[in-house]
Amino acid sequence: MANKTITRSDLVAALNEEVGLSKNDCAELLEGVLHEITDSLVKGDTVKISTFASFKPHQKYQRTGRNPKTGEEVPIPPRKVVVFRPSLELRFKINQSHDS
């Protein structure tokens, strides 16, 4: 099974084929969508894309980690992360393609 990374240019090309807009218009459209998703997550909002997934910002608090080489305790600073939760439909499609 070959793993391929889908890039922005791949998405622009797919939009160009599907919608028929120019590649520049498709690139602007994609950038606009990604910008809206990013802005919503920065504000702390959850982004739900029906039948695909939801993205939710999550605050991780400071904790103590351990350097595996030396065993020394190291503080891990607080940070925000984005939690990706696939929809049931997406999970089904992924598992269905895996079974084939």
Side-chain angles (χ1 to χ4, degrees):
M1 179 170 156
N3 291 331
K4 182 180 189 288
T5 300
I6 303 297
T7 64
R8 286 178 190 229
S9 61
D10 294 333
L11 293 173
V12 168
L15 272 173
N16 176 258
E17 277 186 36
E18 188 72 28
V19 180
L21 294 173
S22 71
K23 285 198 176 188
N24 285 340
D25 288 343
C26 290
E28 286 180 26
L29 178 65
L30 178 62
E31 290 303 319
V33 169
L34 294 176
H35 181 75
E36 286 298 319
I37 291 171
T38 302
D39 283 353
S40 295
L41 291 170
V42 167
K43 287 190 277 185
D45 298 336
T46 298
V47 176
K48 291 184 181 182
I49 302 173
S50 181
T51 71
F52 179 68
S54 64
F55 303 87
K56 183 177 182 178
H58 178 72
Q59 177 69 45
K60 288 198 162 196
Y61 297 100
Q62 181 169 341
R63 60 191 175 95
T64 302
R66 195 173 302 277
N67 182 329
K69 205 171 200 178
T70 65
E72 177 187 355
E73 288 189 354
V74 180
I76 299 172
R79 66 196 185 281
K80 288 184 180 178
V81 296
V82 176
V83 177
F84 171 81
R85 183 172 169 98
S87 69
L88 290 174
E89 186 173 322
L90 178 58
R91 281 188 249 168
F92 177 76
K93 285 180 180 180
I94 289 171
N95 287 321
Q96 189 178 36
S97 68
H98 183 4
D99 294 340
S100 300

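Numbering of residues begins at 1 and proceeds along the displayed sequence. Since this is a predicted model, take the numbers as computed values, not measurements.
For the atom pair OG of S9 and NZ of K23, the computed distance is 8.0 Å after rounding to the nearest 0.5 Å. Taken to the nearest 0.5 Å, the CG atom of L88 stands 5.0 Å off from the CZ atom of R91. The structure places CD of E89 at 4.5 Å from OG1 of T51, a figure rounded to the nearest 0.5 Å. Remark: L30 CG to D10 CG distance equals 11.0 Å, nearest 0.5 Å. The CG atom of N24 lies 12.5 Å from the CG atom of L29; values are rounded to the nearest 0.5 Å.
Remark: T64 pairs with no residue by the side-chain hydrogen bond (donor to acceptor under 3.5 Å, both in side chains) rule, at least two apart or across chains.
A pairwise comparison of heavy atoms in P86 and A53 identifies CA-CB, 3.8 Å as the closest pair. Of all non-hydrogen atoms in K80 and Q59, the two that sit nearest each other are CG-OE1, 3.3 Å.
Around atom CZ of F84, more than 12 heavy atoms belonging to other residues, nucleotides or ligands sit under 6.0 Å away. Counting non-hydrogen atoms of neighbouring residues, nucleotides and ligands closer than 6.0 angstrom, the CZ atom of R8 reaches no more than 12 such neighbours. Environment of CD in Q62: crowded, with over 12 heavy atoms of neighbouring residues, nucleotides or ligands closer than 6.0 Å. When the shell of 6.0 Å around CD of E17 is examined, it contains 12 or fewer heavy atoms from other residues, nucleotides or ligands.
Evaluation of the salt bridge (Lys or Arg N to Asp or Glu O under 4.0 Å) test over residues 51-70, restricted to residues two or more places apart or in two chains, returns R66-E73. Pairs engaging residues 39-49 under the side-chain hydrogen bond (donor to acceptor under 3.5 Å, both in side chains) rule: H35-D39 [sequence neighbours left out].
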Apply side chain to side chain contact (heavy atoms under 4.5 Å, CB included) to L15 and L21, showing your working. CA-CA 8 Å; L15 272 173; L21 294 173; over 6 Å; no
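Connection of L11 to F52 is not established within any shared hydrophobic cluster, with ILVMFWY side chains joined at heavy-atom distances below 4.5 Å, either directly or through further cluster members. Tracing side-chain contacts under 4.5 Å through hydrophobic residues (I, L, V, M, F, W, Y), one reaches I49 starting from V33; they form part of the same cluster. The hydrophobic cluster containing L34 does not contain F55, counting ILVMFWY residues as joined when their side-chain heavy atoms lie under 4.5 angstrom apart, directly or transitively. Under the 4.5 Å side-chain heavy-atom criterion for Ile, Leu, Val, Met, Phe, Trp and Tyr, V83 and V47 are members of distinct hydrophobic clusters.
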